[in-house]
Amino acid sequence: MSGSIYQRQHRHYDRGYHSKESQASLSQYQSSSRYAAASSTSATSRSRGLKLSTHSGLEESRVSPLPKRSKPSYLAVDKDNQIIGYVVPIFRGSQEFASGLSDTEEKRLRESTAYMARRDLFSTGVAMERSEHFSRKETMRETAERISLNKRIHEHGEHFKRMNEDSLMHAPDFVIKPRSHTVWENQCVRLHCTVSGWPDPRAVWYKNNVAIDPLASPGKYKLESRYNVHSLEINRCDFDDTAQYRVSAMNTQGELSAFASVVVKRFKGEVEESLPVPRHGPVSEYGITFKTHIVDTFGVSFGREGETMSLGCTVIIYPHLSRYQPEIQWYRDHVLLTDSKWSRMHWSGDRATLTLTHLNKEDEGLYTLRVTTKSGYETYSAYVFVRDTDAEVEGAPGAPLDVCCLDSNKDYIIVSWKQPAVDGGNSILGYFVDRCEVGTTHWIQCNDTPIKFARFPVTGLVEGRSYYLRVRAVNKCGMSRPSRMSEPVAAMDPADRARMRGTSAPWTGQIIVTEEEPSEGIVPGRPLELQVTEATKNYVVLSWKPPGEKVLEGVMYYVEKCVSGTDSWQRVNTEIPVRSPRFALFDLAEGKSYSFRVRCCNSAGVGEPSDPTETTTVGDKLDTPSAPSKVIPTRNTDTSVVVSWQASHDAKELVGYYIESSIVGSNAWVPCNNKPVKATRFICHGLMTGETCVFRVRAVNAAGLSQFSEESEPVEVKAAIASPTPPYGISVLECVRDAMTLAWKQPTFIGGADITGYFVDYREVIDGVPGKWHEANIKSVSDRAYRVTDLKENKKYQFQVRAANMAGVGIPSLPSDTFLCEEWTIAVPGPPYDLQIREVRSDSLVLLWKAPVYQGRDPVNGAYVDIKEADAPEEAWRGVNTKAVEKTFLKIKNLKEGETYVFRVRAQNKAGVGRASEVTDPVQAETKPGTTEIVVDVDDDGVISLNFACAELNADSKFVWSKDYEELTDETRLTVETKGNLSKAIFNTPAEEDIGIYSCFVTHTDGVSASYTLSGEELKKLLEISHDHKFPIIPLKSELAVELMEKGRVRFWLQAEKISANGKVEYVFNDNVLSQGEKYKMNFDKNTGVIEMIMEALTPQDEGTFTFQMQDGKATNQSSLVLIGDVFHQLQKESEFQRKEWFRKQGPHFVEYLSWEVTPECCVVLKCKVGNMKKETSALWYKDGREVKAEEHLGFTEGVLKLEIAQISKKDAGVYEVILKDDRGKDTSTLSLIDQDFRDLMNEVFHVIAKSSTPLKITSTAEGIRLYTFVNYYNDLLQVTWQYKDSAIAFSDRVKSGVVGEQLWLQITEPTEKDRGKYGIEFHDGKGNLVRSVELSGQAYDDAYAEFQRLKPCSSSRRSA
């Protein structure tokens, strides 16, 4: 056990016996006799002069003059260094044995000689067998010794090589790899591994190639890394944890990965029915042919960046096997998808779902679901469009896409991307590239200035580390959002990357015999086929092939450059040669021309240079592509157009094309795709039906976007015309001896154009064998019924029908049932036919039908309609009407919303009820969004019309009007006018004969129809409205009214509802027409309908009646206003007052008259607001006729005059007056502050004082207990009442009150227990009075009394002193 542990932890442990060859030889050797074992030990000690107990053999090999040998390789590679098979080496004798025979060989030779002698002397078979057996054992023993010794020497050499300080740094290596596990659900599992390497590697765990973030699922994952042991613990496993897990170890020397699988199982008794049963063991599939149907599919989908989208289909496989699971695969643009952080796939047993967790433009494309069984596969495809999300800055471009690594080495990564389709309305100035080291979240911008070329070399990397990359576009408005980050890219030499992927190769069935080791001590030759594979202004990439001779030891390369026109060659990589035959050069001068060459080197020296490249000028060699041409749009569906174009001429490295569309006349272009398409044909989805659009295309490559192509011809977005689908439901309406009348149903899809007719074929059926088809009609028939003649009586026939439109004749229907041609003699009528459903609503619909062709013995006198739910059995048929209807239509009511129904009709005559018609197609009772009804309208001329609008109208749609569900052809009663999506049925001369049900049906729609019932009463109302419109009255919004204006002017006005520019008005006063003049000013605003007359003033002669008379064409109206008596006198008085006020305000005046207010500081402010002041205006204050001087607190700010009375008292009572005057006039304002007015003012002052009082507090003095409160200002006129237990206190020598400054106090001298209780002070303010109270009892009293007792002796002692 100790040996195995030592073996796992030390590379130099002897593993020579672990090969199968050496084990076989060793097992035979160990089973030999004791003598053979002893001889082996002796021979081993003498072999090559080595002592196994010391390292002398190792020292001898280290000082050997032989050149160093590389580690043997047993893999065969082709000229491109691709592994193609295994190599069986031919072991040659080393120089150590070339000079002569070893001791062992000499002994074997002697024994062989002795054997020959013995064979001559003793020719017995037994002796010969023993001798041969012994010789064979000796040979195998020596072979095993040689293999073991060589292995041990090689391992010791590797150990000392690693212990050399110059080679301590090495790439990660897995000492112990993670092991796969199978666990039960809800168990925990732990994956762990041991990794060696210097510097210490960092480990990252992945689930299905998606990095595991413990913070994203708290408690689910636990990561630990201690002493080079890394572990991943998964808590409470479920089915979603079944996956392949990868641990990636990386340091500066490289990166290495190891894999392990986790399978989560569930107990049989806990399997949910909704989950698919795992497929265990064989399933009997032999002889079964599976039929696969993909239903409930997803359509063309539109998403926005950052959203989540799910695509799903239901998969039906027949026959159903409970344990059979088909292979479900998802593709995008024909590339197989796998589970990743961007896409998740789920199979629930009958439904396949693909979830795109975070949409980006990279996710746009054609998605295909492929379901594979042993019998074949079925696919379904639909396109997914991803629009740009809103830019963070308005006008910024869209994010770039498809960021990936084009080339990488240990010190650079060349990243490429695709330009966005949306530039934000301004040209893109360039792009910024960001990088982020794997395992961190810090993004670093790689370029300081934007670059226009869609490729960029990222430098400044740490060798061996992996990075994510992303790109942002910028225009003059701002920066785009970042692109989706790339897959991680390691900064490593390509040769190291190939080596670290592992040296194992799949078995190819080919064995190549080569020499054991590559040639040594040979200087390599010239590299071959050196060429410049890519050249931009930022970098140049060179590639070449190794020398043509046999594989050399450790070949590396030096790259040299030479400026054109000189012979000076300069080595580019002077410090470290490169190992891969590919190299990128940076820091070349843009515009200069260079030549390049490469030299090989190894331990033997530097070889000759390769042939130089042709002169290369540093700069972007790739030009933007030319614009595409010949853009041709073609109608496809109601929301899509097929756009094709001619490819760009001589376009290099073409990435694809962007297509844009625009509605004609809008000049607004919208991208049709956000991911370039390489084909020259594309279906643009998401267009508006009926709109006329134009298209343009531009090409894109790494150099940029081409100019737009010329605009295409306009095309209307509508479905392309196709031939109709087959009719169906063929039935017999009547049969005579040599003819049969047939009926059928209209095709479900008419091909986008009206059906022009039908063609009927028939064939005779003899003994169940049908014959050839014959044409029944050469000329098409427009009705869905036809009489087929020239048949044979008592023969059986089958029929088929084809529909035709302008696109051609469609395929025939399925053959009908077999019908016998014999004359009908039954008494009851035949079946009705051509059932149609109109006006479908949530609770009703209208059913139409045609009367039977076969009447029976008597004429048809009515029909019955039957109804049942679509999925109900035949026994569920029930009648809609109990009494037969004579008409061929019926409105069916009381339907259940959302239920699906079918209908049939039976006709009757005197003999009875006949056979039922064919059943209608199922119809769901629902009112579709946007459903409109017929609206009746009476225009200004009194014309009555029925109006119907249809939002689903297309170019081929027609409005079909009917009365009582029979199409109107007689225009004497009604005239139909259609404009756009509106159709009118106009009554020419409405009368009683127009009473009925009017309906309108719109063709080429999803059954858009409506009806309107015109009854006698309704017609009478419409005729009255029509009369009013023929002889109209001008409507008024307001009747004639009067109002006062500025300067006391009087305005008479009214407003008409609607009046034209030709309207006229007459102004009448007491039957006298008034005219424009100094006294009357008339105005008529025909836009607003306001009519007014303004008078400067009212005089006693203006008492009377005012009337406005209006006329507009044939419409008239008038409105009057009576101004007499008190109404007139009041208006006249108010007018005179307003006039005086206006004149007053022409000079300085009071806007607000004198008033007072009390401030929180208890100051009284007299103030008034004035207007129309100027510098010369004077404002004088007076009290009781005596002018108040300016020093007495006068103020004037912002149009307000103020007089402040700081401490008001009785002497401030009086009458205050302010006079404003200048050369324009004067104005006066008076304020009385005497008697009650002064008392009201003082009450307000007291109220402010009371509100400013502080809560009543308790303090102790040497004389007793004192209660006090503070106010902001104390006025001598303030009245307060001290209270004890809510009653006024009777003051005495022991209980006193007083005022000190702003403090109001109550002193209780020598307090006793009787003084306990509630005390308060009441402020009298003439309003509600304010009371402040305090509770002098309990602890408050005890504390105050104790403090009084403490202070009392101190006071006494001070008095004594």
Side-chain angles (χ1 to χ4, degrees), residues 406-416 430 433 446-461 463 491 493-495 522-549 552 554-624 652-653 701-704:
L406 196 65
D407 187 14
S408 65
N409 213 311
K410 60 184 178 182
D411 56 352
Y412 70 87
I413 295 174
I414 297 178
V415 61
S416 70
V433 180
C446 302
N447 53 314
D448 297 328
T449 59
I451 55 172
K452 288 191 173 182
F453 204 76
R455 294 175 190 162
F456 181 74
V458 178
T459 57
L461 310 176
E463 183 178 359
D493 190 292
I522 300 176
V523 177
R526 300 168 179 261
L528 304 176
E529 300 182 18
L530 173 64
Q531 59 181 346
V532 177
T533 58
E534 188 172 353
T536 69
K537 65 181 181 182
N538 297 312
Y539 63 92
V540 172
V541 178
L542 303 177
S543 67
W544 60 89
K545 291 186 179 179
E549 55 263 22
L552 302 176
V555 176
M556 304 179 75
Y557 305 95
Y558 285 109
V559 179
E560 299 176 351
K561 68 179 180 180
C562 175
V563 179
S564 180
T566 66
D567 295 331
S568 175
W569 288 90
Q570 179 183 359
R571 182 170 293 176
V572 178
N573 53 331
T574 56
E575 297 180 358
I576 303 175
V578 297
R579 284 177 286 183
S580 63
R582 188 170 71 249
F583 188 74
L585 291 85
F586 306 101
D587 300 327
L588 301 176
E590 185 177 359
K592 283 191 176 183
S593 300
Y594 296 87
S595 296
F596 307 95
R597 67 184 186 186
V598 181
R599 294 176 183 266
C600 296
C601 66
N602 63 2
S603 60
V606 180
E608 293 296 320
S610 66
D611 294 332
T613 63
E614 296 181 358
T615 300
T616 301
T617 302
V618 177
D620 294 334
K621 285 188 173 183
L622 188 64
D623 297 326
T624 56
K652 296 181 180 179
E653 300 184 25
N701 64 4

**Q** OH/Tyr539 to OG1/Thr459 distance, rounded to the nearest 0.5 angstrom?
**A** 12.5 Å
**Q** Backbone N or O of Val555 within a donor-acceptor pair of the Asn602 side chain at under 3.5 Å?
**A** no
**Q** So does Ser416 get a backbone contact from the side chain of Arg455, meaning a donor-acceptor N/O pair under 3.5 Å?
**A** no
**Q** Starting at SG of Cys600, measure out to CE of Met556 and round the result to the nearest 0.5 Å.
**A** 11.5 Å
**Q** Measure from the side-chain N and O atoms of Tyr558 to the backbone N and O of Val572, and report whether any donor-acceptor pair falls under 3.5 Å.
**A** no
**Q** Please tell me if the side chains of Glu560 and Arg599 come closer than 4.5 Å, counting only heavy atoms from C-beta onward.
**A** yes
**Q** Contact between Leu588 and Tyr594 at the side-chain level, heavy atoms closer than 4.5 Å - yes or no?
**A** yes
**Q** Taking the ring of Tyr557 and the ring of Trp544, is the distance between their centroids below 6.0 Å?
**A** yes
**Q** Do the side chain of Asn701 and the main chain of Lys652 share a donor and acceptor less than 3.5 angstrom apart?
**A** yes
**Q** Is Ser610 reaching over with its side chain to a backbone N or O of Val598, donor-acceptor style, under 3.5 angstrom?
**A** yes
**Q** Would you say the side chain of Val532 lies within less than 4.5 Å of the side chain of Val541, judging by non-hydrogen atoms?
**A** no
**Q** Would you indicate whether the side-chain heavy atoms of Phe456 and Cys446 approach each other to under 4.5 Å?
**A** yes
**Q** Check the pair Ser564, Lys592 against side-chain contact (heavy atoms from CB on, under 4.5 Å), reporting the backbone distance first and the verdict last.
**A** CA-CA 8 Å; Ser564 180; Lys592 283 191 176 183; over 6 Å; no
**Q** Measuring from atom CG of Leu406 to atom CD1 of Ile414, what distance do you get when rounded to the nearest 0.5 angstrom?
**A** 6.5 Å
**Q** Keeping Arg597 on the side-chain end and Pro609 on the backbone end, is there a donor-acceptor pair under 3.5 Å?
**A** no
**Q** Hydrogens and angles aside, do Ser593 and Thr617 bring a side-chain donor and acceptor to less than 3.5 Å of each other?
**A** yes
**Q** Within the structure provided, determine whether Val606 and Val523 are in side-chain contact (heavy-atom separation under 4.5 Å).
**A** no
**Q** Considering the options Thr616, Leu530, Thr533, which one meets the side-chain contact (heavy atoms from CB on, under 4.5 Å) requirement together with Leu542?
**A** Leu530
**Q** Locate the shortest heavy-atom distance separating Pro450 from Gly430; write the atom from each residue and the value.
**A** CB-CA, 3.7 Å
**Q** To the nearest 0.5 Å, how far apart are NZ in Lys452 and OG1 in Thr536?
**A** 15.5 Å
**Q** Roughly how far, to the nearest 0.5 Å, is OG of Ser595 from CG of Asp611?
**A** 12.0 Å
**Q** How many angstroms lie between OH in Tyr412 and CG in Leu585, if you round to the nearest 0.5 Å?
**A** 9.0 Å
**Q** Nearest heavy-atom pair of Ile413 and Ser408: which atoms, and what distance?
**A** CG1-CB, 4.0 Å
